[in-house]
Amino acid sequence: MKGWISRPRTTVAKRLFVKTYGCQMNVYDSARMADVLAPLGYGLADGPEDADMVVLNTCHIREKAAEKVFSELGRLRKLQAAKAQAGGRMILAVAGCVAQAEGEEILRRAPFVDIVLGPQTYHRLPEMVARASRSGGAVLDTEFPAEPKFDFLPEPRAEGSSAFLSVQEGCDKFCTFCVVPYTRGAEYSRSAAAVLAEAAGLAGQGVREITLLGQNVNAWRDDVGRDRDGAGWTLGRLLRALAGVEGVERIRYTTSHPRDMDDDLIAAHADLPQLMPFLHLPVQSGSDRILTAMNRGHDRATYLALVERLKAARPDLALSSDFIVGFPGETDADFADTMALVRQVGFVQTYSFKYSPRPGTPAAAMDGQVPEPVKDRRLAELQALLHDQTVAFNHACVGREMRVLLDRPGRHTGQLVGRSPYMQPVHVKLGGTEAAARLIGRVVPLRIVSVHPNSLEAIPA
Ligand code: SAH
Ligand code: SF4
Ligand code: F3S
């Protein structure tokens, strides 16, 4: 996933360009960095060419993701030099998970970078910009500060009818392949009060769909309630409260860990019509041997039982997942277990990756590293099956009525594009341009009539 944040150019003193790599948490963080810098006079630029400050918000999850940063820095260096020659200055900042993991290395390999900051320190960006501007030397801040950044951020500015809201940060699970516990730090939950206030603020700005984010979003908890009624808050209770926030019509949450799926959260899927019937529940592998080596903390049977319970609670629930092929020691039989699990569950949208050894993680040092051609073959086989399942699901949607959140104009006159409950892009033609424009930001019932390669087509229901 990759996102560009840009807004129409306004008459502001300085321009900021943020390029985002990695997960939705980085998308959220990029928007918040822009919010933090706005009071300093930074408005958003359309591209790096005319920017006074460029932030690369990076991802360290796989080798390829991390490498992209250095090639992008090479390109930006030329722009920065051209700007300096013209008597100007471009401040270059590297943020996010590569910055956290390889901060010193970035400054060594790319000494023209002005600021390196980790995912937990961007509330201090104004101070870092001031320091970089004053001294001309590089600023490095990859601490895990005691104060949570969320307590120091301005209210988010909403864009459009759908918004991300980070409620949980970090990870204590330590899957043996993964860098996140090292780049994002320990699990931390924002308070229910802070989350609900942010949601109300977003709804007040026209947001209709809120996606709660966390690396382990269902590990979210707030123990304040414990003083009052002994229960404390877990994610199910937060979702119920969120469903009561005026204007919030749709709720999603991602990414969940199978280990943290408690009874109340499953029940919330049965009870809350606002909670979309679509859940991203990464399984990684269908082999118990590999799941153990990955330290996932659950086995195949537990995952399958969980899927059954979720589908019993919400029969129209569809699932999405993440898979890794070629984890150290993975045999053909282990891989066949993954294929069998996929056939048994049936997923509608998925992300699948070749195992990428990450420096400092236990799996990188394990015996039995799988040769690249074997990983390639397994990935192709898995992706073919997953693709067939996605296509079959899309076709099964034809004839169904779905409530679609219309969020932007399409390419043709009177056409609008929105998202189905299952995140499928849906196109619909709704009379003239003006009539259509009035429906942007609304959830409307549509009937799906056909399937295109990357979207569904609908008519008013
Ligand atoms: N917290 C989430 C996952 C976050 S990372 C969870 O536990 O499910 C997103 C996905 O990247 C993971 O689900 C995994 O499939 C993939 N991933 C993480 N580390 C990887 C690695 N070293 N090689 C390949 N894929 C990896
Ligand atoms: Fe990584 Fe595992 Fe934590 Fe997910 S649960 S972020 S895969 S260590
Ligand atoms: Fe990547 Fe960091 Fe997200 S490593 S996946 S940007 S938490």
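From a predicted model like this one, the values you see are computed outputs, not experimental measurements. For the numbers below, each heavy atom of this structure counts, side chains included, while hydrogens, waters and symmetry mates do not. The first residue of the sequence shown is numbered 1, and numbering continues consecutively from there.
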Stepwise side-chain hydrogen bond (donor to acceptor under 3.5 Å, both in side chains) test for Gln383 and Ser352: CA-CA 7 Å; Gln383 289 188 338; Ser352 43; 3.0 Å; yes
So the salt bridge (Lys or Arg N to Asp or Glu O under 4.0 Å) pairs with at least one residue in residues 80-91 (sequence neighbours excluded) are Asp52-Lys83, Arg89-Asp114
Determine whether His452 and Glu457 satisfy the following criterion, side-chain hydrogen bond (donor to acceptor under 3.5 Å, both in side chains), listing intermediate values before the conclusion. CA-CA 7 Å; His452 297 285; Glu457 194 171 316; 2.5 Å; yes
Output all residues satisfying side-chain hydrogen bond (donor to acceptor under 3.5 Å, both in side chains) with Asp29, sequence neighbours left out; order by chain, then residue number. Tyr122, Arg184
Could you tell me whether Lys149 and Asp151 have a side-chain N and a carboxylate O separated by less than 4.0 Å? no
Separation of Leu456 CG from Tyr422 OH (nearest 0.5 Å): 11.5 Å
Expected output: side-chain Glu127 to main-chain Val129 donor-acceptor under 3.5 Å: no
Does the pair Glu49 and Arg15 meet the rule for a salt bridge (charged side-chain N to carboxylate O under 4.0 Å, His left out), with working shown? CA-CA 10 Å; Glu49 297 77 17; Arg15 277 194 266 276; over 6 Å; no
Within the structure provided, determine whether Cys171 and Tyr182 are in side-chain contact (heavy-atom separation under 4.5 Å). no
Below 4.0 angstrom, N of the basic side chain to O of the carboxylate: do Glu147 and Arg124 qualify? yes
Is it true that a side-chain atom of Arg250 and a backbone atom of Arg208 form a donor plus acceptor pair closer than 3.5 Å? no
Within 6.0 Å of CZ in Arg442, more than 12 heavy atoms from elsewhere: no
Verdict with reasoning, Tyr253 to His269, per ring pair (Phe, Tyr, Trp, His ring centres under 6.0 Å): CA-CA 11 Å; Tyr253 62 95; His269 281 272; 5.6 Å; yes
As a quick check of understanding, evaluate side-chain hydrogen bond (donor to acceptor under 3.5 Å, both in side chains) for Gln120 and Glu169, giving each step before the final call. CA-CA 9 Å; Gln120 307 307 350; Glu169 274 276 345; 2.8 Å; yes
Pairwise distance CG(Leu416) to CZ(Arg438) - rounded to 0.5 angstrom: 11.5 Å
So do the side chains of Arg300 and Asp337 get within less than 4.5 Å of each other, counting heavy atoms only? yes
Within the side chain of Gln344, is there an N or O that forms a donor-acceptor pair under 3.5 Å with the backbone of Ala340? no
Any salt bridge linking Lys375 with Glu372? Criterion: basic side-chain nitrogen under 4.0 Å from a carboxylate oxygen. yes
Just by distance, do the side chain of Arg408 and the backbone of Leu406 share a donor-acceptor pair under 3.5 Å? no
Output the distance between atom CZ (Phe152) and atom CG (Leu125), rounded to the nearest 0.5 Å. 14.5 Å
I'd like to know if the side chain of Thr254 and the backbone of His280 have a donor-acceptor N/O pair within less than 3.5 Å. no
Any Val54 side-chain heavy atom under 4.5 Å of Lys19 side chain: no
With under 30° as parallel and over 60° as perpendicular, where do the rings of Phe347 and Phe323 fit, or are they tilted in between? perpendicular
With a 4.5 Å heavy-atom cut-off, do Val167 and Val217 have their side chains touching? yes
Check this for me: does any side-chain nitrogen of one of Glu72 and Arg75 sit under 4.0 Å from a carboxylate oxygen of the other? yes
Rounded to the nearest 0.5 angstrom, the CG-OG distance for Leu281 and Ser256 is 5.5 Å
When you measure from the side chain of Gln24 to the backbone of Leu212, do you find a donor-acceptor pair of N or O atoms at a distance under 3.5 Å? no
Nearest 0.5 Å, what's the CZ-CD1 distance between Arg378 and Ile324? 13.5 Å
Under 3.5 Å: donor-acceptor pair, side chain of Asp222, backbone of Ser191: no
Expected output: side-chain Ser189 to main-chain Arg221 donor-acceptor under 3.5 Å: yes
If you look only at pairs with a residue in residues 252-275, which of them pass as a salt bridge (Lys or Arg N to Asp or Glu O under 4.0 Å), with sequence neighbours excluded? Lys173-Asp260, Glu209-Arg252, Arg240-Asp264, Arg240-Asp271, Asp263-Arg309
So, the side chain of Gln349 versus the backbone of Ser320: is there a donor-acceptor pair under 3.5 Å, distance only? no
Nearest 0.5 Å please: distance from the CD atom of Glu187 over to the CH2 atom of Trp220. 13.5 Å
Should the heavy atoms of other residues, nucleotides or ligands under 6.0 Å from CD of Glu63 be counted, would the total exceed 12? no
Is the backbone of Asn216 close enough, under 3.5 Å, to the side chain of Gln168 for a donor and an acceptor to pair up by distance? yes
Could you tell me whether Arg419 and Asp407 make a salt bridge, using a distance below 4.0 angstrom between a side-chain N and a carboxylate O? no
Carboxylate-amine/guanidinium proximity below 4.0 Å for Arg32 and Glu198: yes
Can you classify the ring geometry of Phe150 versus Tyr28 as parallel (below 30°), tilted (30 to 60°) or perpendicular (above 60°)? tilted
Does Gln424 form a side-chain hydrogen bond (donor to acceptor under 3.5 Å, both in side chains) with Asn394? I'd like the steps, not just the answer. CA-CA 8 Å; Gln424 298 144 301; Asn394 287 342; 2.8 Å; yes
